[in-house]
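Each residue takes its place number in the sequence, starting with 1.
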Amino acid sequence: MEITFKKETSLGLDSFDVLGFNSEEELELEILKLIKMRPEFENNLN
């Protein structure tokens with residue numbers, strides 16, 4: 001049996017600067033952009 005080391009990355013374990021952001025607020029703004037509902041889907045809800 002072979003044992004291998006597997007490194008997994010989780011955003012929850014690193015600080016904002018390690019992820020490439022200047023502040024926690026900048027990271028939060030980018031996350032909000034990613035999860036924002038696209039307009040074409042908002043129109044279909046109405």
So for atom CD, which belongs to E24, do other residues, nucleotides or ligands contribute more than 12 heavy atoms lying within a distance under 6.0 Å?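 Counting neighbours around CD of E24, 12 or fewer heavy atoms of other residues, nucleotides or ligands fall under 6.0 Å, so no.
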Kindly give the heavy-atom pair with the smallest separation between F16 and L27, and that separation in Å. CB-CD2, 4.0 Å
If you group Ile, Leu, Val, Met, Phe, Trp and Tyr by side-chain heavy-atom gaps below 4.5 Å, do F21 and L29 land in one group? no
